[in-house]
Amino acid sequence: RLRPHGGDRYRSGARLERVVDRVQPVLDPPYAHAVQKVFVDLYDKGLIYRDNRMVNWDPGSRSAISDLEVEDREVTDTLYYIDYPLESGRGSVTIATVRPETMLADTALAVHPDDDRYTRLIGETAILPLVGRRLKIIADPYVKPEFGTGALKITPGHDPNDFEIGRTHGLDEVTVIGEDGLMTEAAGERFAGLKVLDARDAVVAALEAEGAIAGTEPYEHDVPHSHRSGMRIEPLISLQWFCDMEKLAEPAIRVVKEGRVRFHPENPWAGVYLSWMENIRPWCVSRQLWWGHQIPVWYCDECGEMIAAEEEPEQCPCGKGSPRRDPDVLDTWFSSALWPFATLRWPADTPELRAFYPTDVLVTARDIIFLWVARMIMMGIEFTGEIPFTDVPITSVIQAPDGRRMSKSLGTGIDPLDEIDEYGADAVRFGLIAMASTQDVRYSEKRVKQGQDLANKLWNASRLVLLKVDPDVEPAPRPETAEDRWILSRLERATERIGGRYESFELSRAALDLYDFFWGEVCDWYLELVKPRLYDEQADRTALSATLLHVLERVLKLAHPLIPFVTEEIWSFLPGERGLLAASPWPKVDPERFDEAAEGQVGSVIEAITALRRYRDEVGAPAGARIPGRILAAGYEGALDHVARLARFELEPGSDENGDVVATVAIPRGSVQVLRSDAIDTGEAERRREAEVKRLQSEIARAEGKLANSGFVSKAPEHVVEAERQKLARLKAELEELS
RNA sequence: GGGCGGUUAGCUCAGUUGGUAGAGCGCCUGCCUUACAAGCAGGAGGUCGCCCGUUCGAGCCGGGCACCGCCCACCA
């Protein structure tokens, strides 16, 4: 029913000046070339190196993964207390561990240097049960005396902390668990080949047989798991490729501190980014997967040389071997980090690159700030010398309606296409934008419904305007009356406010501000106020038509980013040749149209109508009945018909003491006397009057109390005190009218 | 263990410099009023998590507490 401008493919409502598709960089040779160039350059700069280090080994994917791909899960393990006899034969040291199978790789015991219970043992040797290895007892401040027994077994091959301690103290690194998740030969023939958990049982059984288990207790703690496979991470020493991040991070920290790259909202995201960057650690970039950009490094079996090159070397410089390529691939985020420029065919100096790099805005969610955003900034600066983008709006995360994460496995996901089928693309877009604020929010189908209602309202309001307006008139602000000046003033204020919201990436505020202005001011008041003129076939409606079209045109522009399809469709019905709304310029605020007088005047009219309507309802007046009354207030000279028509009163100006006044309704700068008529239930009217008197009395008391407070009068700003005084005077006048 | 965010109307959420709380939905009442019943008019409903403090005045500022959530971190 609605034409998707730009073809089927752009149903999202995105308007793209130019489209560059880069779907799968692994399959895109120029992109792959960029990845290899970056790797080799970083290698040549000494920022990428190969090392035997402790990595997060994911037994599920059988690959190393980065720190960022690890998530902690709470697990209940058994904490085993194991006795390690001293070589001297004078007793034993008891340690606590949740992973007894790794004891086979122990190469030391450690205690805190200041722990009085153990200081005499430092430098002594203990004997590793089952294995018989001699373990030196070392002192290291890492050990927490209060945990367990205060003595720690050191397993540099299978624990990240122990690895660091081992490197510090120059300990042997024994590996008893292989990359296949099975115990290695080094574990001894009793255990070799067993799965880790089976090995644990076997080790515990063997220790029990030796009487070396001093006790057990259940122990709850967080254990790292693979984000990808969900399996428990096996920390292993492994030969991997690492990227040293500190040098890359330095300028990337600076550009955010200097405000050249801005996060929105700045709090807390700039801080989150900076604190991660300032504590950045080496990035393990190699993966033992078959899918990905293969690492551009070759090894020569003959001379042992390692060659990093963008092209495969025919022959090793040593002249003997034909080099063999490293089978590992790169972390997918390594290639993603190059996205802003590699998609544009960098390192070639293409027109695309010159035109679109750097770009302006990268919209994303917070979970990807480190994985992607930070790395794009670092790589962008390093390889192009420029920041890749200037603004990074961080969207809120939309949760399932019940507050859980949206996820496929939980079945809590919502398919936007289903929602679009039900409510329309504009509605889903508006709803998502309106519900997303600065914090995480639950998906609200009601907001989408609200978007649908708004799109519908836009359509209907446009219909009113377009069917009644003189079609030969050019849209232009041509005010004839107070309400014209009022809406034109309000229109400029809305333009300023909503434009500012877009500018500062407060899209949900933009959406709600637009909703309020269009529905609450344009539809509820302006269109209602101009109807008599609009329907008057005799009158010259040229100026009114111009103004109405101007208002409509502006509203469509303000709404277009939120509601692209319906606004574009309506736009096409506006008179004249005007091209696409999407391509039309954003409106400039015209401060000349600000009109305080008109805003005050029409504001009073609105208040008066609302007060009279409330009165009608409270006294149970039939909806169709016109109530006679007299208006005793200044400033309604040109608006009497408006008030009368929209409040359904029969109003005459001035005070006539003849006539039966049954009530007085306060309106700005005066009141309306309601005259006796069949429409009014006098009993209801009396009850209403009494309630109003009571309300006024309590408000007067409050205002008087405030003004009697010498602290308030002497210390509050003058205009606040003055406002309070005027309010009190007004309330007293209203009470006077009622009594 | 550090850091951050949340706690406001039955529900989902706003609330920009401190000046007696707002929206949408839901609910109640009345309306098919000539753009729109996917609508119009009106209404009810809140000790702004708790306690202290600063201030003439606190949902907004400071301190503490309680729950909920997130991030970072090498605690067996």
Side-chain angles (χ1 to χ4, degrees), chain A residues 54 67 72 77 79-80 95-99 102 110 142-144 146-155 159-165 219 221-222 224 235 267-269 271-272 275-276 279 281 366-367 369-370 397 399 401 403 423 427 434-435 437-447 449-450 452-468 500 504 506 508-509 512 515-516 520 523-524 527-528 531 534-535 609-610 613-618 620-624 645-648 699 702-703 706 709-717 719-721 723-724:
Chain A
M54 182 66 62
D67 294 339
D72 285 335
D77 278 327
L79 188 61
Y80 295 91
I95 58 89
T97 179
V98 293
R99 301 204 56 194
T102 63
Y142 164 78
V143 182
K144 304 250 169 178
E146 65 278 9
F147 188 92
T149 63
L152 180 62
K153 77 187 191 68
I154 302 298
T155 319
D159 183 279
N161 313 313
D162 295 5
F163 176 80
E164 295 299 331
I165 294 172
Y219 181 63
H221 62 152
D222 287 336
N267 273 309
W269 304 120
V272 167
S275 69
W276 186 74
N279 297 295
R281 296 156 41 151
R366 59 158 192 274
D367 53 355
I369 291 173
F370 307 144
V397 173
Q399 301 165 329
Y423 297 101
M435 78 180 79
S437 59
T438 56
Q439 63 165 326
D440 290 356
V441 290
R442 299 170 181 213
Y443 183 78
S444 164
E445 200 165 325
K446 291 288 165 52
R447 283 279 183 220
K449 180 66 172 59
Q450 194 185 348
Q452 185 184 31
D453 291 345
L454 179 59
N456 189 51
K457 190 79 172 175
L458 263 172
W459 183 265
N460 283 315
S462 302
R463 208 162 63 140
L464 170 65
V465 171
L466 293 171
L467 290 179
K468 291 293 178 188
S504 57
E506 298 172 281
S508 69
R509 301 298 307 275
L512 298 174
Y515 183 99
D516 287 345
C523 293
D524 287 351
L527 293 181
E528 295 303 328
K531 269 181 183 175
L534 193 55
Y535 279 89
I609 292 168
T610 306
R613 281 171 172 172
R614 188 181 311 122
Y615 174 79
R616 301 181 58 104
D617 245 57
E618 280 168 357
R645 180 171 54 88
L646 293 176
R648 292 177 185 248
E699 282 205 33
R702 198 170 348 196
K706 211 165 174 179
N709 181 341
S710 61
F712 174 72
V713 177
S714 62
K715 295 192 178 175
H719 71 276
V720 174
V721 177
E724 199 63 29

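Every chain is numbered from 1, with letters handed out A, B, ... down the list of sequences.
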**Prompt:** Do Pro235(A) and Arg99(A) come close enough that some side-chain heavy atom pair is under 4.5 Å?
**Reply:** yes
**Prompt:** Which nucleotide, U29(B), G30(B), C36(B), lies nearest any side-chain atom of Asp617(A)?
**Reply:** U29(B)
**Message:** If you define the side chain from C-beta out and look only at heavy atoms, does anything of Tyr142(A) sit under 4.5 Å from Leu152(A)?
**Reply:** yes
**Prompt:** For the side chain of Arg616(A) and the backbone of Arg648(A), is there at least one donor-acceptor N/O pair under 3.5 Å apart?
**Reply:** yes
**Request:** Indicate yes or no: at least one non-hydrogen side-chain atom of Leu512(A) is less than 4.5 angstrom from one of Glu506(A).
**Result:** no
**Asked** To the nearest 0.5 Å, what is the distance between CG (Asp516(A)) and CZ (Arg509(A))?
**Response** 9.5 Å
**Asked** When the P atoms of U16(B) and C61(B) are considered, how many whole Å apart are they?
**Response** 9 Å
**Asked** Atom NZ of Lys457(A) and atom P of G39(B): how far apart are they, to the nearest Å?
**Response** 7 Å
**Prompt:** What is the nucleic acid contact for Ser714(A), judged by heavy atoms within less than 4.0 Å: base, sugar-phosphate only, or nothing?
**Reply:** nothing
**Prompt:** Does a side-chain heavy-atom distance below 4.5 Å link Arg281(A) with Asp67(A)?
**Reply:** yes
**Rounded distance (Å) that lies between atom C1' of C40(B) and atom CG of Leu646(A)** = 12 Å
**Asked** Whole Å only: how far is the CD1 atom of Ile609(A) from the C1' atom of U33(B)?
**Response** 15 Å
**Asked** Which atom names give the shortest non-hydrogen contact between Thr149(A) and Ala96(A), and what distance separates them?
**Response** OG1-N, 4.4 Å
**Request:** For nucleotides 19-28 of chain B, just jot down a letter per nucleotide in 5' to 3' order: B, S or -, based on protein non-hydrogen atoms under 4.0 Å.
**Result:** BB--BSS---
**Prompt:** In whole angstroms, how far is the C1' atom of A38(B) from the OH atom of Tyr423(A)?
**Reply:** 11 Å
**Prompt:** Is any side-chain heavy atom of Val713(A) less than 4.5 Å from a side-chain heavy atom of Glu724(A)?
**Reply:** no
**Prompt:** Looking only at atom P, what distance separates A73(B) and C50(B), rounded to whole Å?
**Reply:** 36 Å
**Request:** Measure the distance from CG on Leu527(A) to P on C36(B) and round it to the nearest whole Å.
**Result:** 13 Å
**Asked** So do Glu528(A) and Asp524(A) actually touch side chain to side chain, heavy atoms under 4.5 Å?
**Response** no
**Message:** For the P atoms, the ones on G6(B) and on A44(B), what distance do you get once it is rounded to whole angstrom?
**Reply:** 31 Å
**Message:** If you define the side chain from C-beta out and look only at heavy atoms, does anything of Ile154(A) sit under 4.5 Å from Asp159(A)?
**Reply:** no
Anything under 3.5 Å between a protein N or O and an N or O of nucleotides 66-76 of chain B, put it in a table, one pair a line.
residue: A73(B); atom: O3'; partner: Arg281(A); partner atom: NH1; Å: 3.3
residue: C74(B); atom: OP1; partner: Arg281(A); partner atom: NH1; Å: 2.4
residue: C74(B); atom: OP2; partner: Arg281(A); partner atom: NH1; Å: 3.0
residue: C74(B); atom: O4'; partner: Asn161(A); partner atom: OD1; Å: 3.1
residue: C74(B); atom: O2'; partner: Asn161(A); partner atom: OD1; Å: 2.2
residue: C74(B); atom: O2'; partner: Asn161(A); partner atom: ND2; Å: 2.6
residue: C74(B); atom: N1; partner: Asn161(A); partner atom: OD1; Å: 3.4
residue: C74(B); atom: O2; partner: Asn161(A); partner atom: OD1; Å: 3.2
residue: C75(B); atom: O2'; partner: Tyr142(A); partner atom: OH; Å: 3.4
residue: A76(B); atom: OP1; partner: His221(A); partner atom: ND1; Å: 3.3
residue: A76(B); atom: OP2; partner: Tyr219(A); partner atom: OH; Å: 2.8
residue: A76(B); atom: O2'; partner: Ala96(A); partner atom: O; Å: 2.8
residue: A76(B); atom: N6; partner: Lys144(A); partner atom: O; Å: 2.7
residue: A76(B); atom: N6; partner: Phe147(A); partner atom: O; Å: 2.9
residue: A76(B); atom: N1; partner: Lys144(A); partner atom: N; Å: 3.3

**Message:** Rounded to whole Å, please give me the gap between CZ in Arg442(A) and P in U7(B).
**Reply:** 13 Å
**Prompt:** With rounding to whole Å, what would you report as the distance between C32(B) and A41(B) at their P atoms?
**Reply:** 15 Å
**Request:** For C74(B) versus C13(B), give the span between their P atoms, rounded off to a whole number of Å.
**Result:** 33 Å
**Prompt:** Within the structure shown, what part of the strands sits under 4.0 Å from Glu445(A) by heavy-atom distance: base, sugar-phosphate, or nothing?
**Reply:** nothing
**Request:** Ignoring backbone atoms, establish whether Arg613(A) has a side-chain N or O less than 4.0 Å from OP1 or OP2 of C40(B).
**Result:** no
**Request:** Could you work out the separation of U54(B) and C60(B) based on their P atoms and round it to a whole Å?
**Result:** 15 Å
**Asked** In terms of ring plane angle, is the pair Tyr219(A) and Phe147(A) parallel, tilted or perpendicular, where the classes change at 30° and 60°?
**Response** perpendicular
**Fill in**
Every stem of 3 or more Watson-Crick or G-U pairs under 3.5 Å that RNA chain B joins, in order of first number, is B:1-7 with B:66-72, B:10-13 with B:22-25, B:27-31 with B:39-43, B:49-53 with B:61-65
**Request:** Specify the closest pair of heavy atoms between Leu646(A) and Arg613(A), including all atoms of both residues, with the distance to one decimal.
**Result:** O-NE, 3.1 Å
**Item:** Pairwise C1' distance for U47(B) and G43(B), with rounding to whole Å
**Value:** 23 Å
**Complete:** RNA chain B nearest-nucleotide lookup for Arg614(A) and Glu528(A): closer to the 5′ end is Glu528(A)
**Spacing of Arg616(A) atom CZ relative to C31(B) atom C1', expressed in whole Å** = 11 Å
**Asked** Using a cut-off of 4.0 Å on non-hydrogen atoms, how would the nucleic acid contact of Asn267(A) be classed: base, sugar-phosphate, or nothing?
**Response** nothing
**Request:** Run through Glu445(A), Gln452(A), Gln450(A), Lys449(A) and flag the one making a side-chain hydrogen bond (donor to acceptor under 3.5 Å, both in side chains) with Tyr423(A).
**Result:** Glu445(A)
**Message:** Using atom C1' in both nucleotides, what's the gap between U7(B) and G39(B) to the nearest angstrom?
**Reply:** 36 Å
